[in-house]
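Everything on this sheet refers to the single structure shown next.
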Number of protein chains: 2
Amino acid sequence: MKSEHIPKATIGRLAVYIQVLENLLRDGNDVISSEKLARACSVNSSQIRKDLAYFGEFGVRGVGYYVQELITSIKQSLGIDRVWKCALIGVGNMGTALLRHHDFERRGFQIAAAFDCDPDKIGLEFGDMEIVCPTHLKEQAPEMGLEIGIIATPPDRAQRAANHLVDANIRGIINFAPSRINVPPHIPVEYVDFFDHLYSIAFQITLGND
Amino acid sequence: MKSEHIPKATIGRLAVYIQVLENLLRDGNDVISSEKLARACSVNSSQIRKDLAYFGEFGVRGVGYYVQELITSIKQSLGIDRVWKCALIGVGNMGTALLRHHDFERRGFQIAAAFDCDPDKIGLEFGDMEIVCPTHLKEQAPEMGLEIGIIATPPDRAQRAANHLVDANIRGIINFAPSRINVPPHIPVEYVDFFDHLYSIAFQITLGND
DNA sequence: ATTAACTTGTTAAAAAAATCACAAGCTTGC
DNA sequence: GCAAGCTTGTGATTTTTTTAACAAGTTAAT
(Lines give C-alpha, C1' and ligand atoms only; values in the text may rest on other atoms or scores of the structure.)
Protein backbone atom coordinates (compact mmCIF):
# COMPACT_ATOMS: atom_id res chain seq x y z
CA MET A 1 0.00 0.00 0.00
CA LYS A 2 1.06 3.67 0.10
CA SER A 3 -0.55 7.10 0.44
CA GLU A 4 -4.36 7.64 0.02
CA HIS A 5 -6.30 9.10 2.92
CA ILE A 6 -4.81 8.40 6.33
CA PRO A 7 -7.16 8.17 9.35
CA LYS A 8 -6.48 10.61 12.13
CA ALA A 9 -6.61 7.70 14.55
CA THR A 10 -3.63 6.22 12.74
CA ILE A 11 -1.58 9.35 13.42
CA GLY A 12 -2.48 9.15 17.08
CA ARG A 13 -1.38 5.54 17.25
CA LEU A 14 1.89 6.25 15.48
CA ALA A 15 2.69 8.65 18.32
CA VAL A 16 2.04 5.82 20.77
CA TYR A 17 4.23 3.43 18.80
CA ILE A 18 7.12 5.91 18.93
CA GLN A 19 6.76 6.26 22.67
CA VAL A 20 6.69 2.53 23.30
CA LEU A 21 9.47 1.83 20.79
CA GLU A 22 11.75 4.37 22.46
CA ASN A 23 11.18 2.71 25.81
CA LEU A 24 11.82 -0.71 24.24
CA LEU A 25 15.06 0.55 22.71
CA ARG A 26 16.18 1.93 26.07
CA ASP A 27 15.57 -1.54 27.55
CA GLY A 28 17.85 -3.06 24.94
CA ASN A 29 15.35 -4.50 22.43
CA ASP A 30 16.72 -4.28 18.91
CA VAL A 31 14.00 -6.18 17.07
CA ILE A 32 10.29 -6.53 17.78
CA SER A 33 7.31 -8.21 16.16
CA SER A 34 4.03 -6.47 15.50
CA GLU A 35 2.45 -8.93 17.90
CA LYS A 36 4.65 -7.93 20.85
CA LEU A 37 4.49 -4.25 20.02
CA ALA A 38 0.72 -4.59 19.81
CA ARG A 39 0.52 -6.00 23.31
CA ALA A 40 2.70 -3.20 24.66
CA CYS A 41 0.43 -0.63 23.03
CA SER A 42 -2.85 -2.40 23.80
CA VAL A 43 -3.88 -2.61 20.16
CA ASN A 44 -4.40 -5.30 17.55
CA SER A 45 -1.30 -6.43 15.63
CA SER A 46 -3.04 -6.13 12.26
CA GLN A 47 -3.77 -2.58 13.21
CA ILE A 48 -0.08 -1.83 13.59
CA ARG A 49 0.85 -3.47 10.31
CA LYS A 50 -1.92 -1.60 8.55
CA ASP A 51 -1.00 1.73 10.12
CA LEU A 52 2.59 1.29 8.97
CA ALA A 53 1.54 0.11 5.52
CA TYR A 54 0.13 3.57 4.76
CA PHE A 55 3.70 4.83 4.71
CA GLY A 56 5.79 1.95 3.38
CA GLU A 57 7.26 -1.43 4.19
CA PHE A 58 9.40 -1.20 7.27
CA GLY A 59 9.55 -4.79 8.51
CA VAL A 60 11.21 -8.05 7.54
CA ARG A 61 8.99 -11.11 7.13
CA GLY A 62 9.81 -13.87 9.53
CA VAL A 63 11.82 -11.41 11.65
CA GLY A 64 9.89 -8.32 12.67
CA TYR A 65 10.90 -4.68 12.85
CA TYR A 66 14.30 -3.25 13.75
CA VAL A 67 13.35 -0.90 16.56
CA GLN A 68 15.68 2.04 15.89
CA GLU A 69 14.99 1.85 12.18
CA LEU A 70 11.24 1.80 12.76
CA ILE A 71 11.37 4.82 15.05
CA THR A 72 13.26 6.71 12.36
CA SER A 73 10.81 5.62 9.67
CA ILE A 74 7.76 6.64 11.67
CA LYS A 75 9.28 10.02 12.48
CA GLN A 76 10.05 10.57 8.82
CA SER A 77 6.51 9.56 7.89
CA LEU A 78 5.06 12.07 10.32
CA GLY A 79 7.45 14.80 9.28
CA ILE A 80 8.98 15.13 12.73
CA ASP A 81 12.50 14.24 11.68
CA ARG A 82 13.37 17.93 11.91
CA VAL A 83 12.85 20.92 14.19
CA TRP A 84 9.62 22.87 13.90
CA LYS A 85 9.77 26.48 15.09
CA CYS A 86 6.72 27.62 17.03
CA ALA A 87 5.25 30.98 18.00
CA LEU A 88 3.54 31.10 21.37
CA ILE A 89 0.73 33.61 21.89
CA GLY A 90 -0.40 34.14 25.46
CA VAL A 91 2.11 33.95 28.28
CA GLY A 92 -0.25 33.30 31.20
CA ASN A 93 -0.37 30.18 33.33
CA MET A 94 -0.56 27.76 30.44
CA GLY A 95 1.87 29.67 28.25
CA THR A 96 4.45 29.87 31.01
CA ALA A 97 4.13 26.16 31.68
CA LEU A 98 4.71 25.47 27.99
CA LEU A 99 7.79 27.71 27.94
CA ARG A 100 9.17 25.78 30.89
CA HIS A 101 8.37 22.39 29.39
CA HIS A 102 11.70 20.77 28.61
CA ASP A 103 10.36 18.12 26.26
CA PHE A 104 9.77 20.55 23.42
CA GLU A 105 13.34 20.46 22.17
CA ARG A 106 13.69 16.72 22.67
CA ARG A 107 10.56 16.12 20.63
CA GLY A 108 11.58 18.37 17.78
CA PHE A 109 9.57 21.49 18.53
CA GLN A 110 11.05 24.81 19.55
CA ILE A 111 9.16 27.74 20.98
CA ALA A 112 11.21 30.39 19.23
CA ALA A 113 9.11 33.46 20.01
CA ALA A 114 6.56 34.47 22.64
CA PHE A 115 3.82 37.05 22.23
CA ASP A 116 1.37 38.69 24.62
CA CYS A 117 -0.69 41.84 24.38
CA ASP A 118 -0.56 42.58 28.11
CA PRO A 119 1.61 45.73 28.56
CA ASP A 120 2.82 44.35 31.91
CA LYS A 121 4.25 41.30 30.18
CA ILE A 122 5.69 42.92 27.06
CA GLY A 123 9.42 43.32 27.47
CA LEU A 124 9.82 40.57 30.02
CA GLU A 125 12.73 38.26 29.32
CA PHE A 126 12.17 34.53 29.17
CA GLY A 127 15.43 32.69 28.78
CA ASP A 128 16.89 34.31 25.68
CA MET A 129 13.50 35.45 24.44
CA GLU A 130 11.68 38.70 25.01
CA ILE A 131 7.91 38.80 25.13
CA VAL A 132 6.60 41.11 22.43
CA CYS A 133 3.27 42.40 21.18
CA PRO A 134 1.40 40.08 18.77
CA THR A 135 1.35 42.88 16.19
CA HIS A 136 5.02 42.03 15.59
CA LEU A 137 4.11 38.51 14.51
CA LYS A 138 3.66 39.36 10.86
CA GLU A 139 7.16 40.77 10.58
CA GLN A 140 8.90 38.23 12.83
CA ALA A 141 7.33 35.01 11.54
CA PRO A 142 9.02 35.00 8.13
CA GLU A 143 12.29 36.36 9.55
CA MET A 144 12.50 33.65 12.17
CA GLY A 145 10.95 30.83 10.16
CA LEU A 146 8.01 30.35 12.54
CA GLU A 147 5.69 27.68 11.15
CA ILE A 148 3.40 26.56 13.96
CA GLY A 149 1.32 28.83 16.19
CA ILE A 150 0.51 27.91 19.77
CA ILE A 151 -2.48 29.72 21.23
CA ALA A 152 -2.53 29.88 25.04
CA THR A 153 -4.65 32.98 25.59
CA PRO A 154 -7.90 33.29 27.53
CA PRO A 155 -10.83 31.98 25.47
CA ASP A 156 -12.10 35.38 24.39
CA ARG A 157 -8.71 36.26 22.90
CA ALA A 158 -8.18 33.05 20.98
CA GLN A 159 -9.80 34.21 17.74
CA ARG A 160 -7.75 37.39 17.71
CA ALA A 161 -4.60 35.37 18.26
CA ALA A 162 -5.63 33.06 15.42
CA ASN A 163 -6.13 36.06 13.15
CA HIS A 164 -2.62 37.28 13.91
CA LEU A 165 -1.22 33.84 13.15
CA VAL A 166 -3.11 33.53 9.87
CA ASP A 167 -2.03 37.01 8.90
CA ALA A 168 1.58 36.05 9.58
CA ASN A 169 1.24 33.07 7.22
CA ILE A 170 1.69 30.50 9.93
CA ARG A 171 1.10 26.98 8.58
CA GLY A 172 -0.63 25.22 11.47
CA ILE A 173 -2.18 26.06 14.83
CA ILE A 174 -2.48 24.26 18.12
CA ASN A 175 -5.08 25.84 20.40
CA PHE A 176 -4.92 25.41 24.17
CA ALA A 177 -7.64 28.01 24.79
CA PRO A 178 -11.08 26.54 25.55
CA SER A 179 -12.84 28.02 22.54
CA ARG A 180 -13.20 27.20 18.87
CA ILE A 181 -11.47 29.34 16.26
CA ASN A 182 -12.13 30.03 12.58
CA VAL A 183 -9.26 29.96 10.12
CA PRO A 184 -8.95 29.32 6.38
CA PRO A 185 -9.41 25.63 5.55
CA HIS A 186 -5.83 25.03 4.40
CA ILE A 187 -4.50 25.73 7.91
CA PRO A 188 -4.76 22.69 10.18
CA VAL A 189 -5.93 23.35 13.73
CA GLU A 190 -5.68 21.02 16.70
CA TYR A 191 -7.49 21.65 19.97
CA VAL A 192 -5.84 20.57 23.21
CA ASP A 193 -7.79 20.25 26.41
CA PHE A 194 -6.77 17.59 28.88
CA PHE A 195 -10.05 17.98 30.74
CA ASP A 196 -11.52 15.95 27.90
CA HIS A 197 -9.60 13.03 29.35
CA LEU A 198 -10.77 13.77 32.87
CA TYR A 199 -14.35 13.86 31.58
CA SER A 200 -13.76 10.51 29.93
CA ILE A 201 -12.40 8.99 33.13
CA ALA A 202 -15.28 10.39 35.15
CA PHE A 203 -17.71 8.98 32.61
CA GLN A 204 -16.11 5.55 32.56
CA ILE A 205 -16.09 5.38 36.35
CA THR A 206 -19.71 6.50 36.54
CA LEU A 207 -20.70 4.02 33.85
CA GLY A 208 -19.04 1.12 35.67
CA ASN A 209 -21.15 1.91 38.70
CA ASP A 210 -24.57 1.13 37.40
CA MET B 1 -32.57 5.40 22.02
CA LYS B 2 -30.75 5.06 25.35
CA SER B 3 -27.67 3.36 26.75
CA GLU B 4 -25.85 0.52 24.83
CA HIS B 5 -22.20 0.99 23.96
CA ILE B 6 -21.14 4.62 23.59
CA PRO B 7 -18.29 5.45 21.22
CA LYS B 8 -15.30 7.16 22.79
CA ALA B 9 -15.49 9.74 20.02
CA THR B 10 -18.94 10.69 21.28
CA ILE B 11 -17.54 11.50 24.72
CA GLY B 12 -14.88 13.66 23.11
CA ARG B 13 -17.50 15.56 21.15
CA LEU B 14 -19.74 16.05 24.20
CA ALA B 15 -16.81 17.88 25.79
CA VAL B 16 -16.66 20.12 22.74
CA TYR B 17 -20.40 20.74 22.87
CA ILE B 18 -20.13 21.85 26.49
CA GLN B 19 -17.37 24.26 25.64
CA VAL B 20 -19.21 25.81 22.72
CA LEU B 21 -22.54 25.90 24.59
CA GLU B 22 -20.96 27.73 27.51
CA ASN B 23 -19.56 30.33 25.15
CA LEU B 24 -22.97 30.61 23.45
CA LEU B 25 -24.66 31.10 26.80
CA ARG B 26 -22.18 33.82 27.71
CA ASP B 27 -23.07 35.56 24.47
CA GLY B 28 -26.74 35.53 25.43
CA ASN B 29 -28.06 32.61 23.36
CA ASP B 30 -30.83 30.82 25.21
CA VAL B 31 -31.92 28.37 22.52
CA ILE B 32 -29.97 26.73 19.72
CA SER B 33 -30.68 24.25 16.95
CA SER B 34 -28.50 21.22 16.28
CA GLU B 35 -27.74 22.76 12.89
CA LYS B 36 -26.26 25.95 14.35
CA LEU B 37 -24.45 24.13 17.13
CA ALA B 38 -23.05 21.78 14.50
CA ARG B 39 -21.59 24.66 12.53
CA ALA B 40 -20.01 26.12 15.65
CA CYS B 41 -18.42 22.75 16.45
CA SER B 42 -17.51 21.84 12.86
CA VAL B 43 -19.50 18.64 12.90
CA ASN B 44 -22.61 17.23 11.24
CA SER B 45 -25.94 18.11 12.86
CA SER B 46 -27.12 14.49 12.79
CA GLN B 47 -23.99 13.61 14.64
CA ILE B 48 -24.96 15.92 17.46
CA ARG B 49 -28.50 14.59 17.65
CA LYS B 50 -27.22 11.03 17.62
CA ASP B 51 -24.58 11.73 20.28
CA LEU B 52 -27.25 13.22 22.53
CA ALA B 53 -29.69 10.41 21.80
CA TYR B 54 -27.41 7.95 23.60
CA PHE B 55 -28.34 9.72 26.83
CA GLY B 56 -31.90 10.87 26.38
CA GLU B 57 -34.12 13.39 24.65
CA PHE B 58 -33.00 16.89 25.50
CA GLY B 59 -34.48 18.96 22.69
CA VAL B 60 -37.85 20.27 21.64
CA ARG B 61 -38.98 19.53 18.08
CA GLY B 62 -39.54 22.64 16.04
CA VAL B 63 -37.59 24.67 18.61
CA GLY B 64 -34.15 23.31 19.37
CA TYR B 65 -32.25 22.93 22.62
CA TYR B 66 -32.36 25.22 25.63
CA VAL B 67 -28.69 26.00 26.09
CA GLN B 68 -28.41 26.03 29.87
CA GLU B 69 -30.57 22.96 30.16
CA LEU B 70 -28.51 21.10 27.58
CA ILE B 71 -25.25 21.95 29.34
CA THR B 72 -26.69 20.56 32.55
CA SER B 73 -27.96 17.44 30.81
CA ILE B 74 -24.62 16.71 29.13
CA LYS B 75 -22.75 17.21 32.40
CA GLN B 76 -25.12 14.84 34.13
CA SER B 77 -24.70 12.32 31.34
CA LEU B 78 -20.92 12.43 31.68
CA GLY B 79 -21.04 12.30 35.46
CA ILE B 80 -19.34 15.67 35.87
CA ASP B 81 -22.22 17.32 37.72
CA ARG B 82 -20.24 16.91 40.93
CA VAL B 83 -16.69 17.36 42.26
CA TRP B 84 -14.16 14.57 41.69
CA LYS B 85 -11.28 14.46 44.14
CA CYS B 86 -7.92 13.67 42.57
CA ALA B 87 -4.56 12.48 43.87
CA LEU B 88 -1.53 13.87 42.07
CA ILE B 89 1.63 11.77 42.00
CA GLY B 90 4.79 13.53 40.85
CA VAL B 91 5.29 17.20 41.64
CA GLY B 92 7.86 18.08 38.97
CA ASN B 93 7.37 20.54 36.12
CA MET B 94 4.14 19.02 34.89
CA GLY B 95 2.77 18.31 38.36
CA THR B 96 3.44 21.84 39.51
CA ALA B 97 1.76 23.26 36.42
CA LEU B 98 -1.28 21.12 37.16
CA LEU B 99 -1.38 22.30 40.78
CA ARG B 100 -1.32 25.90 39.56
CA HIS B 101 -3.97 25.32 36.92
CA HIS B 102 -7.02 27.27 38.03
CA ASP B 103 -9.50 25.52 35.79
CA PHE B 104 -9.56 22.35 37.87
CA GLU B 105 -12.08 23.66 40.37
CA ARG B 106 -14.20 25.36 37.73
CA ARG B 107 -14.42 22.13 35.77
CA GLY B 108 -15.36 19.97 38.73
CA PHE B 109 -12.03 18.36 39.56
CA GLN B 110 -10.06 19.02 42.70
CA ILE B 111 -6.46 18.04 43.32
CA ALA B 112 -6.93 17.21 46.97
CA ALA B 113 -3.58 15.57 47.69
CA ALA B 114 -0.08 15.64 46.19
CA PHE B 115 2.52 12.87 46.42
CA ASP B 116 6.19 12.65 45.50
CA CYS B 117 8.91 10.24 46.55
CA ASP B 118 11.69 12.85 46.30
CA PRO B 119 12.88 13.57 49.90
CA ASP B 120 13.63 17.17 48.89
CA LYS B 121 9.99 17.67 47.95
CA ILE B 122 8.31 15.79 50.79
CA GLY B 123 7.05 18.24 53.39
CA LEU B 124 6.83 21.20 51.03
CA GLU B 125 3.62 23.17 51.35
CA PHE B 126 1.51 23.84 48.29
CA GLY B 127 -1.39 26.09 49.13
CA ASP B 128 -3.06 24.24 51.96
CA MET B 129 -1.58 20.89 50.92
CA GLU B 130 1.61 19.22 52.01
CA ILE B 131 3.52 16.97 49.64
CA VAL B 132 3.82 13.50 51.13
CA CYS B 133 5.36 10.16 50.21
CA PRO B 134 3.26 7.95 47.87
CA THR B 135 3.36 5.20 50.49
CA HIS B 136 0.73 7.24 52.35
CA LEU B 137 -1.68 6.96 49.46
CA LYS B 138 -3.28 3.77 50.62
CA GLU B 139 -4.24 5.27 53.96
CA GLN B 140 -5.15 8.75 52.72
CA ALA B 141 -7.21 7.80 49.65
CA PRO B 142 -10.20 6.33 51.52
CA GLU B 143 -9.98 8.96 54.28
CA MET B 144 -10.04 11.83 51.82
CA GLY B 145 -12.32 10.24 49.23
CA LEU B 146 -9.74 10.36 46.44
CA GLU B 147 -11.17 8.74 43.33
CA ILE B 148 -8.98 9.72 40.38
CA GLY B 149 -5.21 9.40 40.20
CA ILE B 150 -3.10 11.81 38.17
CA ILE B 151 0.34 10.51 37.24
CA ALA B 152 2.89 13.21 36.43
CA THR B 153 6.11 11.40 37.23
CA PRO B 154 9.07 10.73 34.91
CA PRO B 155 8.32 7.83 32.55
CA ASP B 156 10.30 5.23 34.49
CA ARG B 157 8.30 5.94 37.65
CA ALA B 158 4.86 5.83 36.07
CA GLN B 159 4.25 2.13 36.65
CA ARG B 160 5.22 2.39 40.30
CA ALA B 161 2.86 5.33 40.71
CA ALA B 162 0.12 3.32 39.02
CA ASN B 163 0.73 0.44 41.43
CA HIS B 164 0.33 2.79 44.39
CA LEU B 165 -2.91 4.12 42.95
CA VAL B 166 -4.32 0.67 42.27
CA ASP B 167 -3.31 -0.44 45.73
CA ALA B 168 -5.14 2.55 47.18
CA ASN B 169 -8.32 1.53 45.34
CA ILE B 170 -8.37 4.55 43.12
CA ARG B 171 -11.10 4.26 40.48
CA GLY B 172 -9.52 5.83 37.40
CA ILE B 173 -6.14 7.11 36.25
CA ILE B 174 -4.98 9.88 33.97
CA ASN B 175 -1.36 9.48 32.94
CA PHE B 176 0.73 12.46 31.83
CA ALA B 177 3.97 10.46 31.85
CA PRO B 178 5.15 9.38 28.39
CA SER B 179 4.96 5.65 29.05
CA ARG B 180 2.26 2.99 29.09
CA ILE B 181 1.12 1.49 32.38
CA ASN B 182 -0.52 -1.80 33.31
CA VAL B 183 -3.48 -1.82 35.67
CA PRO B 184 -6.42 -4.18 36.26
CA PRO B 185 -8.98 -3.96 33.45
CA HIS B 186 -11.74 -2.45 35.58
CA ILE B 187 -9.70 0.71 36.13
CA PRO B 188 -9.98 3.15 33.20
CA VAL B 189 -6.75 4.84 32.11
CA GLU B 190 -6.38 7.86 29.88
CA TYR B 191 -3.07 8.96 28.43
CA VAL B 192 -2.42 12.66 27.92
CA ASP B 193 0.34 13.90 25.69
CA PHE B 194 -0.19 17.10 23.81
CA PHE B 195 2.77 16.36 21.56
CA ASP B 196 0.39 13.99 19.79
CA HIS B 197 -1.36 17.09 18.55
CA LEU B 198 1.90 18.74 17.52
CA TYR B 199 2.77 15.59 15.59
CA SER B 200 -0.60 15.74 13.92
CA ILE B 201 -0.11 19.38 12.92
CA ALA B 202 3.40 18.68 11.63
CA PHE B 203 2.03 15.76 9.64
CA GLN B 204 -0.84 17.75 8.16
CA ILE B 205 1.47 20.59 7.16
CA THR B 206 3.96 18.18 5.62
CA LEU B 207 1.19 16.36 3.78
CA GLY B 208 -0.19 19.54 2.32
CA ASN B 209 3.21 20.28 0.82
CA ASP B 210 3.53 17.45 -1.66
C1' DA C 1 18.32 -29.15 1.02
C1' DT C 2 14.24 -29.60 3.41
C1' DT C 3 11.22 -28.77 7.09
C1' DA C 4 9.26 -26.25 10.84
C1' DA C 5 8.43 -22.12 13.05
C1' DC C 6 7.83 -17.22 12.57
C1' DT C 7 6.27 -12.76 10.89
C1' DT C 8 5.14 -9.42 7.48
C1' DG C 9 2.05 -7.10 3.96
C1' DT C 10 -2.35 -7.24 2.01
C1' DT C 11 -6.85 -8.81 0.60
C1' DA C 12 -11.31 -9.98 2.32
C1' DA C 13 -14.77 -9.83 5.93
C1' DA C 14 -16.78 -7.81 9.90
C1' DA C 15 -17.82 -4.18 12.89
C1' DA C 16 -18.43 0.45 13.98
C1' DA C 17 -19.37 5.12 13.09
C1' DA C 18 -21.10 8.88 10.43
C1' DT C 19 -24.54 10.64 7.39
C1' DC C 20 -28.94 10.84 5.18
C1' DA C 21 -33.72 11.19 5.06
C1' DC C 22 -38.04 11.57 6.94
C1' DA C 23 -42.02 10.87 10.20
C1' DA C 24 -43.38 13.04 14.41
C1' DG C 25 -43.99 17.05 17.00
C1' DC C 26 -43.84 22.04 18.28
C1' DT C 27 -44.93 27.14 17.11
C1' DT C 28 -46.66 30.94 14.89
C1' DG C 29 -49.86 33.45 12.20
C1' DC C 30 -54.11 33.87 10.16
C1' DG D 1 -58.52 25.27 14.06
C1' DC D 2 -55.51 24.72 10.36
C1' DA D 3 -51.58 25.40 7.40
C1' DA D 4 -46.79 26.58 6.89
C1' DG D 5 -42.36 26.44 8.63
C1' DC D 6 -39.00 24.57 11.71
C1' DT D 7 -36.40 21.09 14.23
C1' DT D 8 -35.88 16.88 16.73
C1' DG D 9 -35.25 11.77 17.19
C1' DT D 10 -34.40 7.68 14.76
C1' DG D 11 -34.45 3.87 11.21
C1' DA D 12 -31.98 3.04 6.85
C1' DT D 13 -27.87 3.69 4.21
C1' DT D 14 -23.29 4.75 3.35
C1' DT D 15 -18.72 5.25 4.63
C1' DT D 16 -14.89 4.34 7.41
C1' DT D 17 -12.19 1.67 10.43
C1' DT D 18 -10.89 -2.48 12.57
C1' DT D 19 -10.09 -7.30 12.62
C1' DA D 20 -9.29 -11.76 10.57
C1' DA D 21 -7.03 -14.70 7.39
C1' DC D 22 -3.50 -16.12 4.53
C1' DA D 23 0.12 -16.08 0.79
C1' DA D 24 4.84 -14.74 0.58
C1' DG D 25 9.17 -14.27 2.62
C1' DT D 26 12.82 -15.21 6.41
C1' DT D 27 15.53 -17.92 9.68
C1' DA D 28 17.33 -21.86 12.03
C1' DA D 29 17.81 -26.63 12.79
C1' DT D 30 18.50 -31.13 11.12
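The sequence lines fix the lettering, A, B, ..., with proteins before strands; numbering per chain opens at 1.
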Residue [X], side-chain atoms from C-beta onward, closest of [options]:
| X | options | answer |
| --- | --- | --- |
| B/R61 | C/dG25, C/dT8, C/dA17 | C/dG25 |
| B/A53 | D/dT8, C/dC26, D/dT10 | D/dT10 |
| A/S34 | C/dT10, D/dT8, C/dT8 | C/dT8 |
| B/N44 | C/dC20, D/dT8, D/dT10 | C/dC20 |

Check the phosphate of C/dA18 against B/Y54, side-chain N and O only, distance under 4.0 Å to OP1 or OP2. Yes or no?
no
Please determine whether a side-chain nitrogen or oxygen atom of A/Y66 lies at a distance below 4.0 Å from atom OP1 or OP2 of C/dT8.
no
Using a strict 4.0 Å threshold on nitrogen-to-oxygen distance, state whether B/K138 and B/D167 make a salt bridge.
yes
Using heavy-atom distances to pick each residue's nearest nucleotide on DNA chain D, tell me which of A/V63 and B/F58 is more 5'.
B/F58
In whole angstrom, what separates [X]'s [atom1] from [N]'s [atom2]?
| X | N | atom1 | atom2 | result |
| --- | --- | --- | --- | --- |
| A/E35 | D/dT19 | CD | P | 12 Å |
| B/R49 | C/dA21 | CZ | P | 12 Å |
| B/F55 | D/dT10 | CZ | P | 14 Å |
| A/L70 | C/dT7 | CG | C1' | 14 Å |
| B/H5 | D/dT18 | NE2 | P | 13 Å |
| A/K8 | D/dT16 | NZ | P | 15 Å |
| A/Q47 | C/dG9 | CD | P | 15 Å |
| A/I48 | D/dA20 | CD1 | C1' | 16 Å |

Aromatic plane relationship, B/F109 with B/W84 - under 30° parallel, 30 to 60° tilted, over 60° perpendicular
parallel
Between B/F176 and B/Y191, is the ring pair (Phe, Tyr, Trp, His ring centres under 6.0 Å) condition met? List the steps.
CA-CA 6 Å; B/F176 285 86; B/Y191 295 90; over 10 Å; no
Base of C/dA18 paired with side chain of B/S46 (donor-acceptor, under 3.5 Å):
no
Ignoring hydrogens and geometry beyond distance, is the side chain of A/K50 in donor-acceptor contact with the base of C/dT10 at under 3.5 Å?
no
For A/F194 together with B/H101, are the ring centres under 6.0 Å from each other?
yes
Ring centroids only, cut at 6.0 angstrom: are B/F195 and A/F104 within range, meaning strictly under it?
yes
